[in-house]
Amino acid sequence: MNTLAKKVVILDDDDGIAKLVIEAVHQVGFTGESANNFESFKEILSRNQPDLILIDLVMPKVDGILVLRYLASQNCTSNILLMSGFDPKVVQTAERLGVSLGLSVEGVLSKPVPFSLLKSEIKRAASSNDSISETDLRNVVANQEIDVHLQPKVRLSPPPSADNKLADNVLSIEMGGTNYEVVGFEALARWQLSDGSFVPPSIFIPMAEEIDLIQSLTDTIYQNVVKLLGKWNRIGYHLTAAINISPRLMGNLDLPDKLVETAISEGVATEQVILELTESATMADADHIMEVLTRFRLKGFGLSIDDFGTGYSSLIQLYRMPFTEMKVDKSFVDDMKSSEEAQTIIRSIVHLGHNLGMKICAEGVEDLPVSMALAELTCDYAQGYYYSRPQPAADFEALLNIA
Ligand code: C2E
Ligand code: MG
Ligand code: MG
């Protein structure tokens with residue numbers, strides 16, 4: 001627990017608001033500094049690593065998006081609260097962008113912000129990482145106590161046959177009268193604290209990347225997953241497993257051979273493993289990434305672009321990279337029911353992906369209408385709470401009747 005007073009920095013061109021925020025910061029017992037322009041904001045940050053940064057999204061000379069990009073380029077690990085009087089949709093987009101850039105965006109405050117809410121939000125957002133420390137993370141990773149939960153990935157298209165029957169060695173989930181074939185699962189890292197609560201991956205994955213633990217954490221997840229695949233192969237169920245790979249690991253030239261060796265030792269084909277990389281990661285250093293991805297692909301691994309639609313891939317890069325699958329980000333999937341634009345985007349992604357020879361998987365499917373609409377758009381696979389939440393391996397086996 002950090003016993004020093006928290007440091008808060010606010011960037012807002014409106015001096016009145018900045019003063020109000022600083023007053024709130026003092027009242028909750030923290031220290032604060034304000035900047036009314038980008039230059040002095042950068043100057044403050046060069047002297048300080050604040051616990052919390054508040055940013056006004058709309059300022060005359062610099063917009064909040066540029067500020068977020070700047071913070072990402074500096075690998076800023078401070079928590080961030082965004083403030084704006086603007087249309088909530090725009091602010092949510094900015095929030096998503098911040099998260100996709102790897103920033104710890106804690107939330108959004110709509111102006112005018114009631115003073116009591118301002119105080120409670122500052123207190124919450126500055127303290128959200130208090131319960132865990134780097135040492136805790138080092139310990140759980142060293143003791144291989146990072147767990148893996150599995151979320152089923154179901155086939156949407158082509159749909160099940162009219163009699164709704166699947167072959168004997170095919171696993172399935174029945175929802176609303178439909179038997180969905182389970183083609184595989186995504187492995188998601190889980191860190192459970194002694195009080196039973198979970199630390200979200202959005203907190204500990206960036207921390208693991210920062211302190212060079214991500215290789216070791218991914219090794220543990222990979223070994224666990226490949227063991228499960230091997231065990232199920234031996235009783236006749238051949239599933240695929242998607243593993244999230246941090247862009248930091250792409251510099252490790254031994255990685256492809258190491259992953260192949262582990263797979264073979266458990267009796268698993270590399271074709272059963274799909275490596276997921278976020279879209280923004282693939283664009284950071286395209287030539288190098290292309291080389292590593294091609295090596296993975298030549299060894300048989302599937303390659304998936306995660307959170308597709310939130311980054312900035314150029315179509316040319318996408319066309320040249322050896323991806324086998326695109327995962328449509330859940331923000332579009334969420335919006336499908338209410339927004340024609342979201343439907344159009346998904347339809348276009350499905351089209352584009354299929355024309356480039358890729359499969360499409362939708363993430364974050366939470367209900368039947370969305371599942372049906374995606375099947376209608378010939379989206380190949382889906383994941384989401386509608387079919388099943390991510391769960392421990394034993395519960396996954398029980399759900400799918402894997403004897
Ligand atoms: P992701 O790879 O895009 O994983 C999908 C996230 O969506 C997971 O969040 C999952 O629990 C959540 N999700 C699945 N279905 C639904 C749904 O219907 N509705 C909603 N609202 N959410 C759904 P989770 O487990 O919190 O993971 C967050 C992110 O952390 C992952 O996003 C991935 O980028 C990262 N992550 C998780 N495990 C690992 C890991 O082992 N290594 C690395 N490098 N990153 C990981
Ligand atoms: Mg993923
Ligand atoms: Mg995703």
Side-chain angles (χ1 to χ4, degrees), residues 92 96 99-105 137 140-141 144-154 156 173 175 184-192 197-226 240-250 252 255 259 273-282 302-311 323 325-337 349 360-371 374 381-392 396:
Q92 277 160 17
R96 280 205 290 264
V99 172
S100 76
L101 289 170
L103 296 169
S104 307
V105 183
L137 183 58
V140 291
V141 171
Q144 307 202 341
E145 285 164 5
I146 291 284
D147 229 331
V148 51
H149 282 194
L150 318 181
Q151 184 174 41
K153 175 172 171 181
V154 305
L156 280 187
I173 292 178
M175 279 309 293
F185 58 88
E186 176 169 4
L188 295 155
R190 291 290 179 264
W191 175 6
Q192 191 165 22
S197 65
F198 286 92
V199 181
S202 57
I203 301 278
F204 71 83
I205 295 289
M207 195 189 247
E209 288 174 334
E210 190 78 12
I211 58 176
D212 270 344
L213 281 178
I214 191 71
Q215 175 75 63
S216 163
L217 185 152
T218 308
D219 284 348
T220 304
I221 303 268
Y222 185 77
Q223 274 161 15
N224 286 339
V225 161
V226 165
T240 61
I243 311 240
N244 293 286
I245 298 287
S246 160
R248 303 254 174 150
L249 300 183
M250 288 286 128
N252 179 351
L255 189 63
L259 297 193
V273 178
I274 301 170
L275 306 175
E276 293 194 359
L277 273 107
T278 55
E279 187 187 5
S280 35
T282 59
L303 296 172
S304 180
I305 316 177
D306 208 348
D307 303 343
F308 187 77
T310 57
F323 283 107
E325 181 189 79
M326 279 183 189
K327 290 189 98 167
V328 185
D329 189 63
K330 59 176 170 289
S331 55
F332 298 116
V333 175
D334 268 351
D335 288 352
M336 250 186 121
K337 275 187 296 188
I349 294 178
I360 312 296
C361 178
E363 300 189 283
V365 178
E366 294 189 353
D367 56 36
L368 177 64
V370 170
S371 177
L374 287 163
Y381 308 120
Q383 278 172 237
Y385 297 166
Y386 177 59
Y387 319 102
S388 165
R389 288 185 177 251
Q391 47 192 307
F396 182 86

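Both ligands and their constituent atoms are indexed starting at 1 by order of listing. What you see is a predicted model; the values in this text were computed from it and never measured.
Interatomic distance, Asn224 CG to Leu150 CG, rounded to the nearest 0.5 Å: 9.5 Å. How far OG of Ser331 is from CZ of Arg96: 4.0 Å, rounded to the nearest 0.5 Å. Going from atom CG of Leu213 over to atom OG of Ser246 covers 11.5 Å, rounded to the nearest 0.5 Å. A distance of 10.0 Å separates CZ in Phe204 from CZ in Phe198, rounded to the nearest 0.5 Å. The distance from atom CG of Asp306 to atom OG of Ser100, rounded to the nearest 0.5 Å, is 11.5 Å.
In Lys330, the part holding a heavy atom less than 4.0 Å from any atom of ligand 1 is the side chain. Counting heavy atoms under 4.0 Å from ligand 1, residue Ile243 does not touch it at all. Counting heavy atoms closer than 4.0 Å to ligand 1, residue Glu186 contributes side-chain atoms (C-beta onward) but none from N, CA, C or O. Contacts with ligand 1 closer than 4.0 Å are made by side-chain heavy atoms of Arg190 only, the backbone lying farther away. When heavy-atom distances to ligand 1 are checked against a 4.0 Å cut-off, Val365 comes that close only through its backbone atoms N, CA, C and O. When non-hydrogen atoms are compared, ligand 1 lies under 4.0 Å from the side chain of Pro390 (C-beta onward) but not from its backbone.
Judged purely by atom type and a 3.5 angstrom limit, Tyr381 has no side-chain atom pairing as donor or acceptor with the backbone of Ile360. In this structure a side-chain-to-backbone donor-acceptor pair under 3.5 Å is missing from Gln383 to Gly364. One N or O on the side chain of Arg248 and one on the backbone of Glu209 form a donor-acceptor pair closer than 3.5 Å.
In terms of heavy-atom proximity, Gln151 sits nearest to Ser388 at NE2-O, 3.0 Å. Here the closest heavy-atom approach between residue Ile205 and residue Ile214 is recorded as CG2-CD1, 4.2 Å. Of all heavy-atom pairs between Leu374 and Val333, the closest is CD1-CG1, 4.3 Å.
At the top of the distance list for atom 41 (O) of ligand 1, counting protein heavy atoms only, stands Ala189 CB, 3.5 Å. Protein heavy atom at the shortest distance from atom 5 (C) of ligand 1 is Glu363 OE2, 3.7 Å. Nearest to atom 30 (O) of ligand 1 among the protein's heavy atoms is Pro201 CB, 3.4 Å. The shortest contact between atom 45 (N) of ligand 1 and any protein heavy atom is with Asn244 CB, 3.6 Å. Remark: minimum distance from atom 15 (N) of ligand 1 to any protein heavy atom is reached at Gln151 NE2, 3.0 Å. Summary of contacts: the protein heavy atom closest to atom 21 (N) of ligand 1 is Glu366 OE2, 3.2 Å. Tyr385 OH, 3.3 Å is the protein heavy atom nearest to atom 22 (N) of ligand 1. Nearest protein neighbour of atom 10 (C) of ligand 1, counting heavy atoms only, is Leu188 CD1, 3.8 Å.
None of Lys327, Glu276, Glu363 except one satisfies the side chain to side chain contact (heavy atoms under 4.5 Å, CB included) rule with Asp307; the exception is Glu363. Partner Glu186 forms a side chain to side chain contact (heavy atoms under 4.5 Å, CB included) with one of Thr240, Ile243, Asn244, Val225 and no other, that one being Asn244.
With respect to the salt-bridge test (charged N to carboxylate O, under 4.0 angstrom), the residues Glu366 and Arg389 do not qualify.
Among the backbone and side-chain atoms of Glu363, an N, O or S atom lies under 2.8 Å from the Mg ion (ligand 3). Within the 2.8 Å limit, Asn244 places at least one N, O or S atom next to the Mg ion (ligand 2).
Using 4.0 Å as the threshold, Gly364 has a heavy atom nearer than that to some atom of ligand 1. Judged by the shortest distance from any of its heavy atoms, Thr218 lies outside the 4.0 Å radius around the atoms of ligand 1.
Note on Glu276: its N/O/S atom closest to the Mg ion (ligand 2) is OE1. The atom name of the N/O/S atom in Asp306 closest to the Mg ion (ligand 3) is OD1. Looking only at its N/O/S atoms, Glu186 has OE2 as the one nearest to the Mg ion (ligand 2). In terms of distance to the Mg ion (ligand 3), the nearest N, O or S atom of Asp307 is named OD1.
Set against the non-hydrogen atoms of Ser246, the atoms of ligand 1 under 4.0 Å away are 44 (N). The atoms of ligand 1 that sit less than 4.0 Å from any heavy atom of Gly384 are 15 (N), 18 (O). Close approach of ligand 1 to Asp306 is summarised as follows: ligand atoms under 4.0 Å from at least one heavy atom of the residue are 1 (P), 2 (O), 3 (O).
Counting protein heavy atoms under 4.0 angstrom from atom 7 (O) of ligand 1 gives one or more.
Ring centroids of Phe185 and His149 are separated by 6.0 Å or more, keeping the two rings apart.
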